[in-house]
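Structure first, then comments.
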Amino acid sequence: MRPIPFGELLTRIMGEFRNHDSIFSIDKAQFYKDDRKNTVNVFSQSCTTPMGPAAGPHTQLSQNIVASYLVGARFIELKTVQIMDHLEIAKPCIDARDEGYNVEWSTEYTLEKAYDEYLKAWIVLHMIESAMEGKVVEKPSFIFNMSCGYNLEGIKQEKMQIFIDSMIDAGKKPLFDEYINEAKALLDEGILEGSDWEGREECVRKTLDKISRNICPSVTVSTMHGCPPKEIEAICSYLLTEKKLDTFVKLNPTLLGYDTVRKVLDDLGFNYVVLKRESFEHDLQLSDAKAMLHRLVELAGKEGRKFGVKLTNTLGNVNPQDVLPGDERYGSGRILLPLSTRVALILSEEFNGTLPISYSGGVSALSVKELFEIGIHPITLATDMLHPGGYAKMKQLCEICKEAPEEWKKETIDVSRLRKFVEEVSSPKGIAGKEFRGTNSSKVGTPLSLFDCYVAPCVEACPIHQPIPEYVALAGEGRLAEALSLIYTSNALPNITGWICDHQCQNHCTRMDYEGPVQIREVKRIAAEKGFDEFKASMWEKPDEPADVKAAVIGAGPAGLAAAYFLALAGFDTSVFEKEKNAGGVVANIIPEFRIPLEAVE
């Protein structure tokens, strides 16, 4: 949580880009390329992708916002701020092994620091966009949406008023012009020289003169669990009428009622999540919510503003305290998908699909296209970006949404299609079910050392520590003989293990949090079958002279053959003795052929 001064932020970005073709370790090949023909309307603004980071830990720092933008995020939901901006938050505060849980709330920055981070990111993104596109940016491809809470009294306090007003008009503070001038000075010093963006200084300079002081014309209202309906409505009314902000209000999955949520979780295999009935009774009730939303939609229309809902907030539940401190924790990630979409369905039915919905609740590559085509946008991520892959997952989702260009102008929700989707994700066999992912974890039981992050868990889980990422990559490029050669460095019998290994590597594959584990054993089998002839012709050479040292191996089963193979590689003149008429041991003589073909053993 260390902020980087504006000038140093730009210097670091361009220094890394110049020297390594990456920014914050995101390679330029991973940069998302906008299609300006397609834009998504979010109230009175538009952006070039329907995706972005949800308000959370990853939208507090300017460098995180920049990283999100590079991989396609164009709806940037800023971290929620509130009057209590000096909080001591116990660590750890997030657990995202599968579905997510957290015990953190609100910003970890003072309001002044938060504003500084958002302003820096606002200016830097304009500069990057101008440099990437090689033109003056008059209308950016991205939107900043601020988030605030938690009660009206706090929002009306002077500190909060200064923050909100500065986000509406950054010209109210001298810091905006200071950063613009600092950016121009760095351009004069040649900050773009030596990079792919060299020669685009004038475009960037002109863009700096056109950056809007209106950082956030929209806001998402976040309220605490148990906040009274009148308080929620009062906050939204204030922001619509007094601050003239397009407004989303964040709602809780508790709108569904205790019995419905309990049944959904139990049906999906999340019966270990403990809920309190009183938490549901103290929260906003569905009938009150519907009446409130109708009034706010009408008020927004009178004010010439736009109003919608953000679905959903986290799900409060009892904390077992096995990882996180405190008595209560808040659930997120795919545990919310069947709940948040159910809330979306109820409200869409109430408003005939006309109520705008900003969505964040367990979205992944397996659900984003359907949600977008239904008409739900913007779609934001938090928990899924904490799984392996991180920010690169954002680009994956943006590319998927590109496949549905006809849906980009859609401004109403397809209620019947949403109803069908809710049924699908509520199935225990569906993508939200606990069984879908299983209980395997990529985590391995080795001690955490300084360089542990460089160790692939599949390699650690393999009993002979094969170079799995490397041979999978070679096979993926069609270089099967080279892949097989690499496999043979640690595995003497890839034909056999390609058929009947219990593949602990796959049980610890980091791709479990994407589309499922890589089929590592199958890749090995393909390399052994299709790459062998080329491997044999190019790699095997019989020594001219026999070895000086002899070795005898008793038994020609898999273990004996492997021992003999590696002894021979080490220079021993090796003989194998076997009492049976054929080699192979248990694999050849006991395991039935429908488990492994005789040809593979031979």
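- At distances below 3.5 Å, not a single donor-acceptor pair connects side-chain atoms of Glu435 with backbone N or O atoms of Lys429.
- Salt bridge status for Glu423 with Arg419: absent, with no side-chain N to carboxylate O gap under 4.0 Å.
- A salt bridge does not link Asp165 with Lys172: none of the charged nitrogens is closer than 4.0 Å to a carboxylate oxygen.
- Paired with Ile335 under the rule side-chain contact (heavy atoms from CB on, under 4.5 Å), one option of Thr314, Asn317, Leu268, Leu265 passes, and it is Leu265.
- No cation-pi contact links Lys79 to Tyr109, judged by a cut-off of 6.0 Å to the six-membered ring centre and 45° from its axis.
- For Lys369 and Glu373, the salt-bridge test passes: some basic side-chain N is under 4.0 Å from an acidic carboxylate O.
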message: One pair to check against salt bridge (charged side-chain N to carboxylate O under 4.0 Å, His left out): Glu298 and Lys302. What are the steps and the verdict?
response: CA-CA 6 Å; Glu298 184 179 354; Lys302 289 179 181 177; 3.7 Å; yes
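- Using a cut-off of 4.0 Å between Lys/Arg side-chain N and Asp/Glu carboxylate O, Arg329 and Asp95 are scored as not salt-bridged.
- The local environment of CD in Glu112 is crowded, with over 12 non-hydrogen atoms from other residues, nucleotides or ligands closer than 6.0 Å.
- Shown are Leu299, Ile232, Thr247; of these, the side-chain contact (heavy atoms from CB on, under 4.5 Å) with Ser237 is made only by Leu299.
- Ion pair Asp98/Lys434 flagged as a salt bridge, since at least one NZ, NE, NH1 or NH2 atom sits closer than 4.0 Å to an Asp/Glu carboxylate oxygen.
- The pair Glu77-Lys310 meets the salt-bridge criterion, with a side-chain N (NZ, NE, NH1 or NH2) lying under 4.0 Å from an Asp/Glu carboxylate O.
- Checking Val81, Ile155, Asp85 one by one against Phe163, the side-chain contact (heavy atoms from CB on, under 4.5 Å) holds for a single residue, Val81.
- Looking at Glu129 and Lys210, no side-chain N of the basic residue comes within less than 4.0 Å of a carboxylate O on the acidic one, giving no salt bridge.
- For Glu370 (side chain) and Val368 (main-chain N/O), no donor-acceptor pair under 3.5 Å exists by modelled atom type.
- With His126 as the partner, the ring pair (Phe, Tyr, Trp, His ring centres under 6.0 Å) test is satisfied by one option alone out of Tyr69, Phe142, Phe144: Phe142.
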